[in-house]
Protein chains: 2
Amino acid sequence: MASIKDVAAEAGVSVATVSRVLNDHPSVSADARTRVLAAVETLGYRPNAVARSLRTDQTRTLGLVISDVLNPYFTELARSVEEEARALGYSVIIGNADERPDLQDHHVRTLLDRRIDGLLVSPTDGGSPLMLDAARAGTPMVFVDRWIPGVEVPVVRSDGQSAVRDLVTHLHRLGHRRLAIIAGPAATTTGRERVDAFRAALREHGLDLPDAYTGQGDFQAESGRRVTEGFLDLAEPPEVIFAADNLMALGALDAVRARGLRVPDDIALAAFDDIRWFVHTDPPVTAIAQPTGALGRAAVRALVDRIEGRPGESVTLPARLVVRRSCGEPGPSPSPSPVRRSTS
Amino acid sequence: MASIKDVAAEAGVSVATVSRVLNDHPSVSADARTRVLAAVETLGYRPNAVARSLRTDQTRTLGLVISDVLNPYFTELARSVEEEARALGYSVIIGNADERPDLQDHHVRTLLDRRIDGLLVSPTDGGSPLMLDAARAGTPMVFVDRWIPGVEVPVVRSDGQSAVRDLVTHLHRLGHRRLAIIAGPAATTTGRERVDAFRAALREHGLDLPDAYTGQGDFQAESGRRVTEGFLDLAEPPEVIFAADNLMALGALDAVRARGLRVPDDIALAAFDDIRWFVHTDPPVTAIAQPTGALGRAAVRALVDRIEGRPGESVTLPARLVVRRSCGEPGPSPSPSPVRRSTS
DNA sequence: ATTCCTCGTGTAATCGATTCCACGAGGAGG
DNA sequence: CCTCCTCGTGGAATCGATTACACGAGGAAT
């Protein structure tokens, strides 16, 4: 592959001049410029980004470590991150942690070795020393979706508290009193927060969240299935299952179906994270939708701000409830009169 | 960040010795080795991959340009690619083309600038000159899922022909005679092949595929919706719609639902590409499943073979039909004994 | 004792860019 | 006519690694 030297030789100038033309530095004669450009053209020259990075100490690359690529929520996040980054002139390298701290660390390490300019992480666990070190060492970093408390890193996330309250109100109005949750890992902020929000909302309605109704999941479908099995085996199973993410909801659906039960007649289901398929599931699933695209874009902007020396601030956007039929009543406007409308 | 010089100074040896220790070259004394290792430890030194790549002319990185990250099929493919690559000591940089040739070229270009060791592509169009040049120039390359004919590049894909035949037989047996297809872009091999396979299978049953029943989609949900609208507007709408990918099937579902029609009673639906959600849609969707994980792994192996100087061969794996209820008859797996377990 | 290996190590070239500095030509101002 | 700038340009250092080559010390073989 042609190097800058070849271009210089072809154009009959020095490498310095070629470099100047390429970075459009002002002091180059029109003549030299056209000759260089012509040489670039005939040789099909493309600057070696590796060499450039070594010299300039910047890669114009962002690292994104997400918890699980198979989760549509993170997929959408990744997409918006890449889009915004591209608009700002950065590339993105995605690392998939698969909810495993060791894999997460592996990716953080490789990314750091690659000297990415900044790191976007939605941490799988509560305190990878590697990541803490990186943050302390001054690597520009932003947490997205999940975060690690006590670290001086901007956090871009969405607040589901009021949406969860809306959900519980909705459920309560439908007559449900025994509500259970499939929680995410306690090591993650979203894992804890969603349970806390749920419990707080229940309390507002004078309801309790017994331990038996708190299943421990790991944000993967299989755990949703397992926990749901447990719920269904109880002497007094819950009337509603709230899954803290869409994959665990999928698992719950698997489990309910395996028992030959029906949603919402036998048991109601709601999920955190809305995905397109929830419109077409049987029944359509009531969910809490995050402004995923906005989240990704805000995260990139905050990170690039940091990289380029500007402050880079935390952002919190509200999530909102999307009512469908999986909890009983169809329709978006929660009217206090439980109209029995048999659908599908 | 500490460099190899700092380590050398700390250990009281030359950079050459440090490098030798790090690449475990045999001729280093035990004493020097321990001193270097200690220095690496205390300084928290990590080799700069950028510098190393410049010198060795290899990045140990693979580029993967996929058509659409939001498509679960490609997501799963990407995941298996990354997994296998990691096992072989490579990282993967994913570029999302969003089915847009210009974006595809953008990613190929950046990847090439980054001097990735090899390129995995599922081309969005039939002949990006950039990619052809790269292939000719000797960049190790492998096509996955889709390919560009006439290029000397191994292809790893799955063959859906017999599965499509099984599907048509299944549909025919259910009494369907008016079968329509939502095709993918003609610029892609998968776009053409699936139509061809469908048409050939129809012919075997003495059926025809009229133009009116061949809708042009682009592998995105919206096009599925649009084409389906068109089908439903026909004086004689088809009895079955076969979507050439899962996203267009989603769009079709949207359209059918918007009309207040029901699947499969009013119209049957089948899709190429199976995804987990198809089990839980209303109704569960009959689909053709590709061995996605195996595909991704085989593609990486072929590419790494090429990179490391071995032949690197094409692979074709069979897809298979998964019958569910969206075409009329309940599938084999769901046992038709709904245990009514009423929970008080 | 001399010669010849082997072994461990260091010096320096190299990869492909960017950029500081020096230099010569030419114009402006005294 | 001399001095001083400005402008365009090239030489060379530099980034952080790898690696060819040279070299000195020490042991084995003669």
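Excluded from the calculations below are hydrogen atoms, water molecules and symmetry mates; all remaining heavy atoms, backbone and side chain alike, are included. Each chain gets a letter, A, B and so on, in the order the sequences are listed, and its residues count up from 1.
Side chain B:R55 to base C:dT14: a donor-acceptor pair is found below 3.5 Å.
At the heavy-atom level, B:A49 lies nowhere under 4.0 Å from the strands shown. Using a 4.0 Å heavy-atom cutoff across all strands shown, A:S29 reaches sugar-phosphate atoms only and no base atom. Backbone-only engagement by A:V13 is indicated by non-hydrogen atom pairs under 4.0 Å involving sugar-phosphate atoms exclusively. A:V18 comes within 4.0 angstrom of nothing in the nucleic acid, heavy atoms only. Contact annotation for B:N23: backbone-only contact, meaning every heavy-atom pair under 4.0 Å involves sugar-phosphate atoms and none involves a base.
The pair A:R79-B:D98 meets the salt-bridge criterion, with a side-chain N (NZ, NE, NH1 or NH2) lying under 4.0 Å from an Asp/Glu carboxylate O. Between A:R109 and A:D113, no side-chain nitrogen of the basic residue sits less than 4.0 Å from a carboxylate oxygen of the acidic one, so the salt-bridge criterion is not met.
Among C:dC20, C:dT18, D:dA20, the nucleotide with an atom closest to any side-chain atom of B:R20 is D:dA20.
Rounded to whole Å, atom C1' of C:dG16 lies 13 Å from atom CE of A:M1. Rounded to a whole Å, the CZ atom of A:R60 is 16 Å from the C1' atom of C:dA17. Atom CG of A:L54 and atom P of D:dA17 are 9 Å apart (whole Å). Whole-Å rounding puts the B:R115 CZ to C:dG16 C1' distance at 9 Å. Atom CG in B:D31 sits roughly 12 Å away from atom C1' in C:dT9 (whole-Å rounding). Spacing between atom NZ of A:K5 and atom C1' of C:dT14 amounts to 8 Å, rounded to whole angstrom units. In this entry the distance linking CD1 of A:I4 with P of D:dG11 reads 14 Å, nearest Å. Residue B:H25 contributes atom NE2, which lies 13 Å from atom P of D:dC21 at whole-angstrom precision.
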Walk me through it: do B:L70 and A:T75 pass the test side-chain contact (heavy atoms from CB on, under 4.5 Å)? CA-CA 6 Å; B:L70 296 188; A:T75 291; 3.6 Å; yes
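DNA chain C is contacted by both B:V15 and A:S3; B:V15 maps to the nucleotide lying nearer its 5′ end (nearest heavy atom per residue). DNA chain D is contacted by both B:Y45 and A:V28; A:V28 maps to the nucleotide lying nearer its 5′ end (nearest heavy atom per residue).
In terms of phosphate contacts, B:T17 brings a side-chain nitrogen or oxygen within less than 4.0 Å of OP1 or OP2 of C:dG10. Between B:S19 and D:dT18 there is a side-chain N or O to OP1 or OP2 distance below 4.0 Å.
Taking CG of A:N48 as the reference point, atom OG of A:S3 lies at 9.0 Å (rounded to 0.5 Å).
Between the side chain of B:T61 and the backbone N or O of B:T59 there is at least one donor-acceptor pair closer than 3.5 Å.
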